[in-house]
2 protein chains.
Amino acid sequence: MNINMKNIDDNDRNILKALQRDASPSLENLAAQLSLSTNACWRRIKRMEADGIIARRVAIVDPEAVGLRMTVFVAVRTSDHSDKWLEKFAAAASSVEEVVEFYRMAGEVDYLLKLLVRDVADYDRVYKKLIKAVPLSDVSASFAMERIKYETAVPV
Amino acid sequence: MNINMKNIDDNDRNILKALQRDASPSLENLAAQLSLSTNACWRRIKRMEADGIIARRVAIVDPEAVGLRMTVFVAVRTSDHSDKWLEKFAAAASSVEEVVEFYRMAGEVDYLLKLLVRDVADYDRVYKKLIKAVPLSDVSASFAMERIKYETAVPV
DNA sequence: AATGAAATTATGAAACA
DNA sequence: TGTTTCATAATTTCATT
């Protein structure tokens with residue numbers, strides 16, 4: 001079992017489900033919905049925040065509404081598997097705000113990046129920014145035509 | 001230019017940057033930070049909510065903290081490119097809460113799914129649930145070993 | 001010790017200048 | 001557009017079990 005894993009009960013789970021869907025309703029409303037007292041609910045939320053289960057509260061911006069019409073998945077293969085190289089690559093890629101997700105993978109592909117860009121020209125700009133920071137040889141991009149589902153809620 | 005795209009100015013952009021990072025501070029705090037009056041700030045936020053730029057406010061749960069240690073990318077190739085098949089597949093995959101993202105792709109792969117699961121056994125369970133709903137022949141899974149960056153904020 | 005009711009403080013929403 | 005007012009919600013305290 002994961003060292004970071006925290007125990008939560010059904011009430012916690014229900015709170016998380018609700019807050020992951022919509023964090024805007026008042027405590028009173030939320031508590032009433034879940035048949036909890038306002039305070040019980042409040043204390044559970046505070047505990048889960050302290051435990052790092054609830055990492056943060058954010059506003060979700062619709063990418064289309066601000067002209068970000070393209071999601072690109074960039075698969076990177078490298079011959080250099082040293083910690084030093086990864087450190088440099090991780091720092092460079094993470095600092096690029098268009099790189100919204102970044103994973104170290106098992107199997108054929110070594111790293112997978114998810115980019116959010118305006119169009120193909122914008123992708124090219126970000127790509128150049130990336131390879132300028134860290135030389136990359138084996139890079140392949142896959143373009144998403146349509147975002148059918150995007151969910152920040154994790155299954156609890 | 002995208003039909004859905006809305007015009008925003010620098011103040012809007014600053015508000016979005018801040019709220020995407022952390023939506024918990026009070027209006028007063030946020031406004032002070034950006035050298036705006038509380039009300040100007042409030043009105044801008046309300047407008048952006050009405051325009052669909054700010055889609056919603058949510059709590060972000062740390063997947064590790066609830067035992068979801070594995071991100072899996074599932075690439076699907078299909079021979080059936082009819083609307084009817086896509087409709088069925090989209091409905092089935094979207095209804096699975098472990099499928100957190102789902103894209104229609106250009107190129108070799110037809111669809112890309114991002115799954116959040118506990119472990120390999122859990123992946124197998126979700127995979128079976130998926131192919132039970134819609135028969136899939138050409139499926140390949142890539143496992144993420146480490147999540148280096150995960151950002152809900154889009155570049156504005 | 002844990003829980004819920006109630007008082008207090010802070011914040012959001014609206015009217016108005 | 002900024003200032004003031006009012007309503008609502010978050011937080012703390014306290015009594016009860």
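Convention: sequence-line order gives letters A, B, ...; per-chain numbering from 1. The analysis underlying the following values was restricted to heavy atoms, covering all of them including side chains, and did not include hydrogens, waters or symmetry mates.
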Q: Any carboxylate oxygen within less than 4.0 angstrom of a Lys/Arg side-chain nitrogen, looking at B:K129 and B:E97?
A: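 Looking at B:E97 together with B:K129, the answer is no, because their closest N to O distance does not fall below 4.0 Å.
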
Q: Does anything in residues 50-62 of chain B reach DNA chain C, meaning a heavy atom under 4.0 Å, and if so which residues?
A: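 Residues of residues 50-62 of chain B under 4.0 Å from DNA chain C: none.
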
Q: In whole angstrom, give the distance that lies between atom CG of A:L36 and atom C1' of C:dA5.
A: 15 Å

Q: From A:L36 CG over to A:N14 CG, what is the distance, rounded to the nearest 0.5 angstrom?
A: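 If I round to the nearest 0.5 Å, the distance is 8.5 Å.
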
Q: Any Lys/Arg nitrogen of A:D9 or A:R44 sitting under 4.0 Å from an Asp/Glu carboxylate oxygen of the other?
A: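 Salt bridge present between A:D9 and A:R44.
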
Q: Looking at residues at least two apart in the chain, or sitting in another chain, which of them share a side chain to side chain donor-acceptor pair (under 3.5 Å) with A:N11?
A: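 Side chain to side chain donor-acceptor pair (under 3.5 Å) check on A:N11 returns nothing, list empty.
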
Q: Along nucleotides 6-17 of chain D, 5' to 3', which nucleotides get a B, which get an S, and which get a -, given that the test is a protein heavy-atom distance under 4.0 Å?
A: ---SSSBB----

Q: Nearest whole angstrom, please: distance from the C1' of C:dG12 to the CG of B:L30.
A: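 Going from CG in B:L30 over to C1' in C:dG12 covers 13 Å.
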
Q: For residues B:T78 and B:D80, is any side-chain donor paired with an opposing acceptor at under 3.5 Å?
A: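 There is no such pair (donor and acceptor under 3.5 Å, judged by atom type) between the side chains of B:T78 and B:D80.
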
Q: Between atom CD1 in B:I45 and atom C1' in C:dT11, what is the gap in whole Å?
A: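 Rounded to the whole Å, the gap is 13 Å.
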
Q: Tell me which donor-acceptor pairs under 3.5 Å the side chains of residues 141-156 of chain B have, and how far apart each pair is, sequence neighbours excluded?
A:
residue : atom : partner : partner atom : Å
B:E146  : OE1  : A:R104  : NE           : 2.8
B:E146  : OE1  : A:R104  : NH2          : 3.4
B:K149  : NZ   : A:S94   : O            : 2.7
B:K149  : NZ   : A:V96   : O            : 3.1
B:K149  : NZ   : A:V99   : O            : 2.9
B:E151  : OE2  : A:R56   : NH2          : 3.3
B:E151  : OE2  : B:A153  : N            : 3.3

Q: Taking only distance into account, with no hydrogens and no angle test, what donor-acceptor pairs under 3.5 Å do side-chain atoms of residues 83-92 of chain A form with protein atoms, sequence neighbours excluded?
A:
none

Q: Take atom CG of A:N11 and atom P of C:dA2, then tell me their distance rounded to the nearest Å.
A: 15 Å

Q: Just list the side-chain donor-acceptor pairs under 3.5 Å for residues 22-34 of chain B, sequence neighbours left out, or say none.
A:
residue : atom : partner : partner atom : Å
B:D22   : OD1  : B:S24   : N            : 3.0
B:D22   : OD1  : B:S24   : OG           : 2.5
B:D22   : OD2  : B:S24   : OG           : 3.3
B:S26   : OG   : B:N29   : N            : 3.3
B:S26   : OG   : B:N29   : ND2          : 3.4

